[in-house]
Amino acid sequence: MSVDSPLVTPPEDEATLLARAQALAGYTLGELALRAGLAIPADLRRDKGWVGTLLELHLGASAGSKPEQDFAHLGVELKTIPVDSQGRPLETTFVCVAPLTGNTGVVWETSHVRHKLARVLWIPVEGDRALPLAERRVGAPLLWSPSPEEEHQLRCDWEELMDLIVLGQVERITARHGEVLQIRPKAANSRALTEGIGENGQPIMTLPRGFYLKKTFTAPLLARHFLL
DNA sequence: GAATGATCATTC
DNA sequence: GAATGATCATTC
């Protein structure tokens with residue numbers, strides 16, 4: 001079976017999607033790769049999106065790159081998240097590219113970050129690099145929307161970061177800005193460039209950036225789920 | 001280059 | 001050991 005041939009049809013509703021995700025819990029990536037007919041890379045160094053693609057296939061998402069939610073008809077975004085043996089996240093979570101131009105007048109309510117995070121199907125996957133990829137297990141999924149408190153945290157960080165971008169301070173932004181949401185490079189390498197706004201409002205070429213959720217945000221989110 | 005999927009690996 | 005900055009594959 002080829003990569004562009006899904007194992008299942010797109011889920012007709014959220015409950016179906018969640019049920020499918022729950023049915024994957026406990027399986028190893030080796031088992032799921034075999035079922036999908038996907039070759040298992042030795043590690044993720046040159047296949048960083050492999051786990052995400054594998055789960056997309058099993059859940060009926062359009063595997064690959066489309067500029068929309070994974071389950072657009074359901075308004076749901078799929079996020080795999082690597083976790084340790086305690087279920088704690090091992091990595092930050094990429095949300096979306098940070099827009100560096102054309103931001104005058106943008107507001108949180110209509111932002112890409114808010115839209116992407118409005119409804120997320122989180123699927124924890126064992127990510128300890130000492131564990132062979134094929135032996136890593138899929139965890140119990142969580143269908144999540146931000147609580148009022150979480151949305152407030154996200155909004156505050158987003159507004160602070162977008163202000164810096166609009167004011168021509170993009171090159172002063174580091175990953176230390178933001179409590180739960182940060183901006184870091186999101187590029188092929190450090191030579192990749194995109195247009196941004198400079199200190200004096202002039203166009204500059206700068207590193208493409210992305211919004212990422214810090215582990216301090218995703219850890220409690222997953223932990224609460226674990227207690228339920 | 002931009003967007004999808006993210007993790008790697010050097011630095012602190 | 002954790003976090004920041006750097007990077008990888010693929011499609012269009």
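Chain identifiers are assigned alphabetically (A, B, ...) following the order of the sequence lines, protein sequences preceding nucleic acid strands; residue numbering begins at 1 within each chain.
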Checking all strands, does [X] fall into the base, sugar-phosphate, or nothing category for heavy-atom contacts under 4.0 angstrom?
{"X": "A/L90", "value": "nothing"}
{"X": "A/G49", "value": "base"}
{"X": "A/T80", "value": "sugar-phosphate"}
{"X": "A/E77", "value": "sugar-phosphate"}

Distance in angstrom units between [X] [atom1] and [N] [atom2], rounded:
{"X": "A/Q182", "N": "C/dT4", "atom1": "CD", "atom2": "C1'", "value": "8 Å"}
{"X": "A/R184", "N": "B/dC8", "atom1": "CZ", "atom2": "C1'", "value": "11 Å"}
{"X": "A/D70", "N": "B/dT4", "atom1": "CG", "atom2": "P", "value": "9 Å"}
{"X": "A/E126", "N": "B/dT7", "atom1": "CD", "atom2": "P", "value": "14 Å"}
{"X": "A/H112", "N": "B/dT4", "atom1": "NE2", "atom2": "C1'", "value": "14 Å"}
{"X": "A/E91", "N": "B/dT10", "atom1": "CD", "atom2": "C1'", "value": "13 Å"}
{"X": "A/F211", "N": "C/dT4", "atom1": "CZ", "atom2": "C1'", "value": "17 Å"}
{"X": "A/E171", "N": "C/dG5", "atom1": "CD", "atom2": "P", "value": "13 Å"}

Given [options], the nucleotide with the shortest approach to the side chain of [X]:
{"X": "A/K186", "options": "B/dT7, B/dA6, C/dT4", "value": "B/dA6"}
{"X": "A/T194", "options": "B/dG1, B/dG5, B/dT7", "value": "B/dG1"}
{"X": "A/P185", "options": "C/dA6, B/dA6, B/dT7", "value": "C/dA6"}
{"X": "A/R46", "options": "B/dT7, B/dA6, C/dC8", "value": "C/dC8"}
{"X": "A/S190", "options": "C/dT4, B/dC8, C/dA6", "value": "C/dA6"}

For this session: Indicate yes or no: does A/R114 engage A/E151 in a salt bridge with an N to O separation below 4.0 Å.
Result: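 Between A/E151 and A/R114 there is a salt bridge, with a charged N closer than 4.0 Å to a carboxylate O.
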Practice prompt. Answer yes when A/R35 and A/E31 have at least one side-chain N-carboxylate O distance shorter than 4.0 Å, and no when they do not.
Written response: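 A salt bridge is absent here (no side-chain N lies under 4.0 Å from a carboxylate O).
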Taking only N and O in the side chain of A/K116, is any of them less than 4.0 Å away from OP1 or OP2 of B/dT4?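 It does, given that an N or O in the side chain of A/K116 lies less than 4.0 Å from OP1 or OP2 of B/dT4.
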Does A/R129 have a side-chain nitrogen or oxygen under 4.0 Å from the phosphate oxygens OP1 or OP2 of B/dT7?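 False: A/R129 side-chain N/O out of range (4.0 Å or more) of B/dT7 OP1/OP2.
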For [Y], is there any backbone N or O sitting under 3.5 Å from a side-chain donor or acceptor partner on [X]?
{"X": "A/D163", "Y": "A/V166", "answer": "no"}
{"X": "A/Q169", "Y": "A/L164", "answer": "no"}
{"X": "A/K79", "Y": "A/F94", "answer": "yes"}
{"X": "A/D84", "Y": "A/Q86", "answer": "yes"}

Under the 3.5 Å rule, do the base of B/dA6 and the side chain of A/Y212 count as making a donor-acceptor pair?
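Counting by modelled atom types and ignoring angles, a donor-acceptor contact under 3.5 Å is found here.
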Check your understanding: Does A/R45 or A/R176 map to a spot on DNA chain C nearer the 5' end, using the closest nucleotide for each?
Key ->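 Taking each residue's closest nucleotide, the earlier one in sequence belongs to A/R176.
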